[in-house]
Protein chains: 2
Amino acid sequence: MCRMARPRKPLLSRERIVGAASALVDAEGLDAVSTRRLAGELGVSGPSLYNHFRNKEEILDAVADAVSAKVDLSMFEESDSRDWRTALHDWAVSYRAALTEHPHVVPVLARGPGRRPAALRVADAVFGAMVRAGWPPAQATRIGALMRYFVTGSALGSFARGFVDDERAYDPCRYPHLGQAHLLAERQEEIDEGAFDTGLRALLDGLAAQYEKVAVQASRTGAARRDGP
Amino acid sequence: MCRMARPRKPLLSRERIVGAASALVDAEGLDAVSTRRLAGELGVSGPSLYNHFRNKEEILDAVADAVSAKVDLSMFEESDSRDWRTALHDWAVSYRAALTEHPHVVPVLARGPGRRPAALRVADAVFGAMVRAGWPPAQATRIGALMRYFVTGSALGSFARGFVDDERAYDPCRYPHLGQAHLLAERQEEIDEGAFDTGLRALLDGLAAQYEKVAVQASRTGAARRDGP
DNA sequence: ACCTGAACACCGTTCAAGT
DNA sequence: ACCTGAACACCGTTCAAGT
């Protein structure tokens, strides 16, 4: 008899919804999140969610932003002593760690920051720190972009997981070099991490070489150092 | 009266289905592809598709593989004269071009080669060519992986498109360095291509530096050059 | 304001029935 | 073998109705 349509204290909140949605995504993947299923986990009926979010996409955006919020940005603070290269490295490692902890969220996150606050904070911090380090703004934009390409690409397309653990799938006549490919699945973590480390190092080495030419020159003219001491 | 359940010539074929699905994905995105809608475009009822594909996922896999088949692999042929660095560069450019022509397919493709023949041919060609060039097999695997991270990441997460074309979205107090972010959307293509070029160059520069150390040494011992002339 | 059930217009997939 | 309509168990979202 106490089944009222509206309780005194709200049953739902944005936080509770995002929490349940995150748990569901992590446990069973994006496809497992339906408004009815999610509402069920929260002990509530489907349409109730629409009192707190405009639609399902907004819920998943919030889930993705919660992951972005876990990315360490301390290396980009002005008070931090790390140089731009080390900062970029440490950030990329932290970024990737956040994504690989929630692999099912990566497709949502990879679409770009959009209006998600935590993702925007990330973009802002990287860009600001690179400019402060002496990179011309156009280059700083590119660095933010290409680092995101690499990190999200590495988290989304786990290379090793992309192969099937089935020897017969890789006909040695058609794919003469893939004789060991079915073994990749087993050593997934090791291979993806090795590829990530190798690529990150190469990327930073290459950027450092470019920095010699373009950034030093820019700091000499002073054009890109309005905020430097 | 001629409405028979089964015509003399099949109405459908895998090719026709993949063609229609590709057109639909390119024109309206992945979400536009439902089995009923797709069947409708082909003048047929929904369940008919299941005579040619086991399920919808298999159809989208075929669509993705048709994109992979467009990637140029000629630079990896033994008869080709390009060195490993140039080959990797040209391949990455061709790979990215194929993906950006069909941006809605990238999420499917980014999951990895799985059992898709064209994607496997790509992985096979890269790995084989890198080993032939003197890279130790473990490094060749990593190179294939990290290049894929970067290329698919760049095609999936179009950096510039990821921002909203709305100045009010980027509060200058919270994001002090994103004052121009709303302009990114307009210059999307230019920025993404610049970031891709910069990143690709950095990546290859970095790998070349590493090649000096590891690959030359390997070729000296002869361990990784079983197939060399 | 916040929750409900009913309803609308969809889904992917199975299956017996047709030829 | 290959297509059909009917059916099953779902979707996301809207909305009037309740408190």
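Computed from a predicted structure; not experimentally measured. Each chain gets a letter, A, B and so on, in the order its sequence line appears, and its residues count up from 1.
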K.L.:
Are any non-hydrogen side-chain atoms of His177(B) and Asp124(A) less than 4.5 angstrom apart?
P.N.:
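His177(B) vs Asp124(A): side chains touch.
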K.L.:
Would you say the rings of Phe196(A) and Phe150(A) are close, in the sense that their centroids are separated by under 6.0 Å?
P.N.:
yes
K.L.:
Other residues, nucleotides and ligands only: do more than 12 of their heavy atoms fall within 6.0 Å of CD on Glu167(A)?
P.N.:
no
K.L.:
Grab the CZ-P distance between Arg14(A) and dC2(C) for me, whole Å please.
P.N.:
12 Å
K.L.:
Give DNA chain D the dot-bracket treatment, 5' to 3': Watson-Crick (N1-N3 with N6-O4 or O6-N4) or G-U (N1-O2, O6-N3) under 3.5 Å, [ ] crossing, | other strand.
P.N.:
||.|||||...|||||.||
K.L.:
Using whole Å, what does the distance between atom P of nucleotide dG18(C) and atom CG of Asn51(B) come to?
P.N.:
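After rounding, the gap between these two atoms is 17 Å.
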K.L.:
If I take atom CG in residue Leu42(B) and atom P in nucleotide dC3(D), what distance separates them, rounded to the nearest angstrom?
P.N.:
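Result: 10 Å.
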K.L.:
For dA1(D), does either OP1 or OP2 sit under 4.0 Å from a side-chain N or O belonging to His52(B)?
P.N.:
no
K.L.:
Donor-acceptor pairs are to be reported for all side-chain atoms of residues 16-23 of chain A against protein atoms at under 3.5 Å, with residues two or more places apart or in another chain.
P.N.:
from: Arg16(A); atom 1: NE; to: Leu11(A); atom 2: O; distance (Å): 3.0
from: Arg16(A); atom 1: NH2; to: Leu11(A); atom 2: O; distance (Å): 3.4
from: Arg16(A); atom 1: NH2; to: Leu42(A); atom 2: O; distance (Å): 3.4
from: Ser22(A); atom 1: OG; to: Val18(A); atom 2: O; distance (Å): 2.8

K.L.:
Is the number of heavy atoms from other residues, nucleotides or ligands within 6.0 Å of CD (Glu41(A)) greater than 12?
P.N.:
yes
K.L.:
Let me know the distance between CG of Leu49(A) and P of dC2(C), rounded to the nearest Å.
P.N.:
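Roughly 14 Å, once rounded to whole Å.
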K.L.:
Using only side-chain N and O atoms of Ser45(B), determine if any of them is under 4.0 Å from OP1 or OP2 of dT4(D).
P.N.:
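Yes, within the criterion.
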K.L.:
Just how far is it from atom OH of Tyr149(A) to atom OG1 of Thr152(B), taken to the nearest 0.5 Å?
P.N.:
12.0 Å
K.L.:
State whether the number of non-hydrogen atoms from other residues, nucleotides or ligands found under 6.0 Å of Arg201(B) atom CZ is greater than 12.
P.N.:
no
K.L.:
When rounded to the nearest 0.5 angstrom, what is the spacing between CZ in Arg82(B) and CG in Leu88(B)?
P.N.:
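Between atom CZ of Arg82(B) and atom CG of Leu88(B) there are 11.5 Å.
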K.L.:
Sugar-phosphate means primed atoms, P, OP1 and OP2; the rest is base. With that split, encode nucleotides 8-16 of chain C 5' to 3' as B, S or - using protein heavy atoms under 4.0 Å.
P.N.:
---BBBBB-
